[in-house]
Each structure stands twice: as structure tokens, then as C-alpha cells.
Number of protein chains: 2
Amino acid sequence: MSSETLKIPQATAKRLPLYYRFLKNLHSAGKLRVSSAELSEAVKVDSATIRRDFSYFGALGKKGYGYNVDYLLSFFRKTLDQDELTKVALVGVGNLGTALLNYNFLKNNNTKISVAFDIDEAKIGSTMSGVTIYHMDDMEKVLTELGITIAILTVPAPFAQSITDRLAQANVKGILNFTPARLTVPATMRVHHIDLAVELQSLVYFLKHYGVNEVEELEEVEE
Amino acid sequence: MSSETLKIPQATAKRLPLYYRFLKNLHSAGKLRVSSAELSEAVKVDSATIRRDFSYFGALGKKGYGYNVDYLLSFFRKTLDQDELTKVALVGVGNLGTALLNYNFLKNNNTKISVAFDIDEAKIGSTMSGVTIYHMDDMEKVLTELGITIAILTVPAPFAQSITDRLAQANVKGILNFTPARLTVPATMRVHHIDLAVELQSLVYFLKHYGVNEVEELEEVEE
DNA sequence: AGTTTTATGTGAAATGGATAACAATGTTTT
DNA sequence: AAAACATTGTTATCCATTTCACATAAAACT
């Protein structure tokens, strides 16, 4: 409902970063062209789906040839706003939070954890992986000053909702929620969940109940 | 295509662990009954969807009353095999792997990281959070001995595919893949992806391009 | 230059999932 | 015991997404 490119399906939007990453790989490997079939093999998405996804942005390829890697790459770089750095806050510097601090988001995306918050006095004022840790009491102030609108939430579940409310106050628009809590947020915010326990548990369920494709043809499959 | 309960939709199956967790909360809070509407509020899933999900397992509720918390809970405990402990292996004890070791999957699910593998001599032989770390050279042997068929993969991307091939050899059936690599696996295996960079990146994309529901009504929404 | 091959972009069909809406039925109240 | 109420289970509908299949056009070959 905003911006240039009109209404890409959500499912497509979720695959864009994936395409982008693999295109970068191809580029580094010196490949000049690529077909939807090749790309399909690499990212494990049906080739028709890939062509359809690309087609939302216009005709990016050439019939009988495929796609020019450099062109596609620079197109996606623009589309994904990879030219400007996106600053993100980390809220909660526990085990998982620390791991995410060390995880180099920058390498693949132009996204960086620029600031972190916690309540542990031992951590406050120190830096980890070059990121300064502030007290959560100063969260609103610091976020507003830095103009950060995206937060990664890795606090204990019982605090998740109240902290979310404060993030909303501080004009944060997006939360990547690693907490098991299901957050209530204003309509102006967007939450993506990564629920580790649910992910693991549902994998277990699938294996036990959907059983393991009774080796009929033994072709290669995915997800 | 196996087991008792015939073919639950995948989308439903992914929500089961979520329902289970919230039912446990309700139980602890001493609630005896719950309606699909209440549950909907808590887990942020449409109440009709919840009723539909439950209905795949038969008539679990009572009209005009709702669902009996204890009954539902024990039903899901059976359905999700929460009575037997599911042992899981962790492959790659880096930042993220370490965080997952400390993350207590046991608390919510009856799932436990029982063994870990790495190639760092400094870590091998030691235990973290009570889990012994073995050398990856011994992976097949140890996995087979312990009869473990589920692995969490947190190794550097370049090693992901070759290690996956070895896991397949060792009779592992499910992988929770935190690696950006898209794995090629035999049809007998199942892979769930958790791609942190893609998750963050797509959140950024949504915020920039779908913009933030232009505050029309300002109702509470989610995801 | 003509023929064959390749691979896109897309209409049409198929699949999968979410939601609205309500009859059926048990619960609660009076 | 009757009336009013609440809430399920499900049918029908809707919506989003995936996939098929092929006309089209460019590329590669001869």
C-alpha cells in the first residue's frame, strides 16, 4: 500500500533475500548467466515459481537465454535496498542474543545490529562484537536518537509483551521475535516469529506421523 | 502415509506444538475450560482455524461449553508423543550451537539435545550444559549407538552439504538447518530451515514495501 | 540463412489453507 | 423444566500460492 513496486505476494517477498544470496554466490563464482532451472536446483524452489516470482518485477530474463547474473543481482540489490545499511536493535543479550550479536548479518544482507539492551549491570556499558550494550531503561531514548525501527527480541518470555509495548512507543515498526510469547501489537507493527521449540517439535511430529516418504522412487526432494 | 492419525494438513501440524504450549500455560494457571475464542486471543490464530485444526482429531470439545483443558492437554501430549523423550544431536558448537545447547528445549517439549559434535579440539571431550561434545569423526558411530535420528545443524555453510550427506548415512531422518545452505537430501529425509538472515531481511523488505498498514482503524493485529 | 534448441513469461488449472456463517447441541440461568 | 445462551463442528466460500503446459522468441548450431 506504499512504495514503488506494487504488491508482490508475501510468499514471493520471503524468497527474495534467498534469491539475492544465491545470485551473489553465482556472481562470485564468475557465472554470467543462469536459468530458472539452475537456480531452482540451488535454492530448492520450483523453477516455475522462480519465473513467476521474477515476473512480478517485469521481464528480467531473455527467452532461450535465461537471466544475466549481473543484471539480476543489481536489480535485486536495488529492490532489497541493499545499498543503504539497515540498523537493528537487539533487545536481550542472553545466550541467544549473544549468538546473534556474533552472527554476521552484514555479510549477506546490508543489515547490522547497531545497539543492544539488557538489564544485567555486568554487561551494561560494555561492547560485544563492537556493539554497545545499554540499560533497558534507556531503550526508548537511544532508539529514538538512532532512528532505529527494527528490533530483535531475545528476552525471557514473561517480559516479551511489556517490552514490545515499549518498543511500539519508541516507534519501532518491526520485531523479529525469538520469544515463545505471541505478541499483541498495534496494526502499525509487524512481527515475524522464530519459535525454536515449535520448529523442533513440529519436525519431530512430521517425522513420526508423516513418516519418511516410504522410499518409493528415491528421488531428491526438499523441505 | 504412516501412523494412526491420517494426514493432518501441514499447516495444522505446525500449530500443534503451539497449542500444546499454551494449553500447558492454561493448565498451570488452573483453568479448567477454554473456548476456541479465548485460545485464539492467546495464540493469535483465528478461532475458526483452531476449531478446524482440532476437528481433524475428532470432536474434542463440547458445544456450548468449549474444551476441557485437562482432556485437551492429555490428548495433545499423546498426539505429540510428549511421553517419550526425543533425543536430538547438535552438529556444530559455535556461537549459535552453544546458545541452543543452553536453550532449554526440554522445558516446553520433551526434546533434548543429548549429544554434540564439533571439530575444535579444545571443545572435544568437554561437556556444555551437561552435553558431551564428540569429534565429528565419530559422528556416525555415536549417532548410531544412541539411535538418534534428528539433528540440529549449526555448522559453517560450506560444510553443510557434506555433513548432511554423512547424517543421511548415519540414518538421521530429520534436520533442523540453521545454515544458509539449501540442502539436497534423500527423499527419506526431512529438512526444516531456520534462515536467520533471510528472516531479518524479509522483515525489512515488508516494512519498506508493504508499509505499515496506514493507520486506518488502529485495531490490534498480528504477524 | 534456415533449422533446431533452449528457456522465458503467463494463462489456466490445481492445490492448500483460512474464514464466514450457521445449524446443531449441550450448558446455564431462571 | 423451559428459555436463553454459548460454542462447537462443518459446509461452503474465499483467497493465496503453486504448478502445468505451451506459445513465443531469442540463441545456438549447421
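Naming convention: chains lettered A, B, ... in sequence-line order (proteins, then strands); numbering from 1 in each chain. These numbers come from a predicted model, not from an experiment.
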Undergrad: Tell me, please, the opening and closing nucleotides of DNA chain D, 5' to 3', among those with an atom under 4.0 angstrom from a non-hydrogen atom of chain A.
TA: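 In short, chain A contacts DNA chain D from D:dT17 to D:dA28.
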Undergrad: To the nearest angstrom, how far is B:D53 atom CG from C:dG16 atom P?
TA: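 Roughly 16 Å, once rounded to whole Å.
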Undergrad: Starting at CG of A:L39 and ending at P of C:dT6, how long is that distance when rounded to a whole Å?
TA: 19 Å
Undergrad: Is A:D46 salt-bridged to A:R52, going by a charged N under 4.0 Å from an acidic O?
TA: no
Undergrad: Think B:R33 has a side-chain N or O under 4.0 angstrom from the OP1 or OP2 of C:dT28?
TA: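 Yes.
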Undergrad: Does B:I113 reach the side chain of B:Y103, with side-chain heavy atoms less than 4.5 Å apart?
TA: no
Undergrad: Find the distance between CD (B:E38) and OG (B:S35) and round it off to the nearest 0.5 Å.
TA: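 Going from CD on B:E38 over to OG on B:S35, the span is 4.0 Å.
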Undergrad: Which parts of residues 63-71 of chain A get close to DNA chain C, meaning a heavy atom less than 4.0 angstrom away?
TA: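 Correct list: A:K63, A:G64, A:Y65, A:G66, A:Y67.
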Undergrad: Parallel, tilted or perpendicular: which describes the rings of B:Y67 and B:F54, with under 30° parallel and over 60° perpendicular?
TA: perpendicular
Undergrad: Calculate the interatomic distance between B:R52 atom CZ and C:dA21 atom C1'; express it in whole Å.
TA: 12 Å
Undergrad: With a 4.5 Å cut-off on side-chain heavy atoms, are A:D195 and A:F178 touching?
TA: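 No; the side chains remain at least 4.5 Å from each other.
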Undergrad: By nearest atom, which of the nucleotides C:dT8, C:dA20, C:dG26 is closest to the B:K62 side chain?
TA: C:dG26
Undergrad: Contact class for B:S36 (heavy atom, under 4.0 Å): base, sugar-phosphate, or nothing?
TA: sugar-phosphate
Undergrad: Relative to the 5' end of DNA chain D, which residue comes earlier, A:D46 or B:S55, by the nucleotide with the nearest heavy atom?
TA: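 So the residue in question is B:S55.
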Undergrad: Can you measure A:Y56 atom OH to C:dT8 atom P for me and round it to whole angstrom units?
TA: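 It is 16 Å, rounded to the nearest whole Å.
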Undergrad: A:V155 versus A:I163: any side-chain heavy-atom pair under 4.5 Å?
TA: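 Of all side-chain heavy-atom pairs linking A:I163 with A:V155, at least one is under 4.5 Å.
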Undergrad: With a 4.5 Å limit on heavy-atom distance, are the side chains of B:K112 and B:T86 in contact?
TA: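 No, their side chains stay 4.5 Å or more apart.
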Undergrad: Distance-only, no hydrogens or angles: does the B:E140 side chain make a donor-acceptor pair with backbone N or O of B:L167 under 3.5 Å?
TA: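 It does not hold such a pair.
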Undergrad: Using a 3.5 Å distance criterion without hydrogens, assess whether the side chain of A:H209 forms a donor-acceptor pair with backbone atoms of B:T79.
TA: yes
